[in-house]
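All remarks here apply to the structure that follows.
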Amino acid sequence: MDFTNDRKRVYIFDTTLRDGEQSPGCSMSVPEKLRMAHKLVELGVDILEAGFPIASEGDYEAVREISRAMPEVRVAALARATRLDVERAASALEPCSRPRIHTFIATSDIHLKFKLRKSRQQVLEDACKAVELARQFTGDVEFSAEDAMRTDLDYLEQVSKAVVAAGAGTVNLPDTVGYSTPAEHAAMIQRIDKALEGKAILSVHCHNDLGLATANSLAAVVAGARQIECTINGIGERAGNCALEEVVMIMKVRNDQYPFETGIRTEHLYPASQMLSGIITFGPQPNKALVGANAFAHEAGIHQDGYLKEKSTYEIIDPQMVGIPEGRLVLGKHSGRHALRSKCELLGYNLTKDELDAVYSGFIAIADRKKGVTDNEILGLIRAMKGGEHTVHLSDAASAD
Ligand code: KIV
Ligand code: ZN
């Protein structure tokens, strides 16, 4: 493992293509995952979880293709704690020069009793066996104690120590059902961090069922966790995962409170968010922190007045820090190819001249019919031009996104 022991460095483990992708409306084809993976690498994520190879042929192919296209990237593949799963993950990761096998099993009594129908001892043995097997394929093994947050702490400590002794370099403690609070999360991390004596990196994976995923992840970092599992736009099972853009920007903007560093190039956050929105069936809600359409919009007269006199009266972040250009481009029928090209680039597409010409003619047709062309309409035109299955739906709102 080439991870540093720098206590300030927090590793960003992106699971947009795995936990994110497995939620409703978010499925992606292999080429779409590959395109998104390139963007995530440009963004600077440390670990890219590309899929769950045993789950489907598509997931297997995605992990393999991403590993093949970007062999230098640390790609993770998910596997339950079984021989079949671990071997399938290892096979998908073969082309990767920095593969991570991420194996997991539930540890809470409620999961043991109703889902796994196994004893604590059996789960402990399965976990260690899976880690040992994974270590035969790679030196980089992560173990997740699914539903860690609702697991008895003595048992969680026992499992964590055992998997590290078996060879896991990262121990992830997910709040699988989004039940935790920041204080509880901090207490759990502190306890396990002390028990592991620095022998492994502690990781958090928070779901957002109570809207606390970001707060819980940050509380965990303050308590000693050094890896955050998160997704672009916070997509993921049910209410989603911790939003990558939120944890990263909080540590950057409020570094006085959270004195940690990540390797994220924040100016790629908005383009990554836009690219994802163009691939899956929905974008972030308009008032979503940092990447929503209204995140930097000032509407109220008093706010506009203050903002025009001095931006910092009502704006705590320069939008350019997250990749939103100054003076957001509103495209209409008077916009030329140059403006359209810039917008396409911002949305994550570098078009050839012919591709731009094709998108431009569709763009002018829409612009002739209504005031302002929205980002979603442009994304629809790009997808239609690239032969995707989507059709372009006109939006009523003039340039609302
Ligand atoms: O939420 C969860 O527990 C997970 C694990 C598989 C890491 O996604
Ligand atoms: Zn999850």
Side-chain angles (χ1 to χ4, degrees), residues 10-28 36 40 43 45 47-49 52 78 102 104 106 108 110-111 144-151 172-189 202-223 225 227-254 258 260 262 264 269-270 272-274 276-277 279-295 322:
V10 171
Y11 296 104
I12 297 297
F13 177 113
D14 180 274
T15 185
T16 306
L17 304 182
R18 198 281 296 169
D19 206 319
E21 202 259 352
Q22 73 191 42
S23 56
C26 295
S27 63
M28 300 178 216
M36 198 62 219
L40 293 168
L43 179 64
V45 305
I47 304 108
L48 196 161
E49 188 163 55
F52 188 5
L78 188 68
H102 176 193
F104 74 100
S108 66
I110 191 166
H111 277 240
S144 281
E146 192 191 7
D147 205 18
M149 194 54 230
R150 295 191 297 172
T151 298
N172 182 39
L173 303 179
D175 181 16
T176 304
V177 293
Y179 183 68
S180 188
T181 67
E184 275 175 336
H185 230 76
M188 174 181 73
I189 295 290
L202 258 187
S203 166
V204 279
H205 175 113
C206 298
H207 280 271
N208 203 31
D209 300 66
L210 291 173
L212 284 171
T214 299
N216 288 339
S217 301
L218 288 172
V221 166
V222 172
Q227 175 177 287
I228 299 178
E229 302 198 354
C230 46
T231 60
I232 300 290
N233 296 346
I235 66 168
E237 283 281 0
R238 305 178 311 279
N241 286 75
C242 171
L244 184 152
E245 60 278 6
E246 292 177 11
V247 274
V248 166
M249 288 308 289
I250 292 167
M251 288 188 273
K252 186 164 176 143
V253 175
R254 295 309 311 272
Y258 299 99
F260 306 102
T262 70
I264 297 296
L269 285 171
Y270 184 69
S273 162
Q274 289 290 310
L276 180 66
S277 308
I279 291 174
I280 62 174
T281 57
F282 57 91
Q285 82 245 26
N287 61 334
K288 166 81 179 61
L290 303 154
V291 292
N294 294 347
V322 294

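Bear in mind the structure is a predicted one, so any value in this text is a computation, not a measurement.
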Short side-chain to backbone donor-acceptor contact, [X] and [Y], under 3.5 Å:
X	Y	answer
Thr16	Gly20	no
Ser273	Leu269	no
Asp175	Met149	no
Thr281	Gly25	yes
Thr151	Ser108	yes
Glu245	Ile232	no

Sort out for me which residue in Thr15, Asn172, Asn241 forms a side-chain hydrogen bond (donor to acceptor under 3.5 Å, both in side chains) with Glu229. Asn172

Closer than 4.0 angstrom, basic N to acidic O: yes or no for Glu246 and Lys288?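 Salt bridge between Glu246 and Lys288, a charged N being under 4.0 Å from a carboxylate O: yes.
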
Establish, from distance only, whether the side-chain atoms of Thr176 and Asp147 form a donor-acceptor pair under 3.5 Å. no

Worked verdict on Asp209 versus Tyr179 for side chain to side chain contact (heavy atoms under 4.5 Å, CB included): CA-CA 7 Å; Asp209 300 66; Tyr179 183 68; over 6 Å; no

Decide yes or no for Ile264 and Lys252: does some side-chain heavy atom of the first lie under 4.5 Å from some side-chain heavy atom of the second?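 Ile264 vs Lys252: side chains apart.
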
Verdict with supporting geometry, Leu212 and Ser180, side chain to side chain contact (heavy atoms under 4.5 Å, CB included): CA-CA 8 Å; Leu212 284 171; Ser180 188; over 6 Å; no

Please round to the nearest 0.5 Å and tell me the distance separating atom CG of Leu78 and atom OG of Ser144.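 Answer for the CG-OG pair, Leu78 versus Ser144, is 7.5 Å.
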
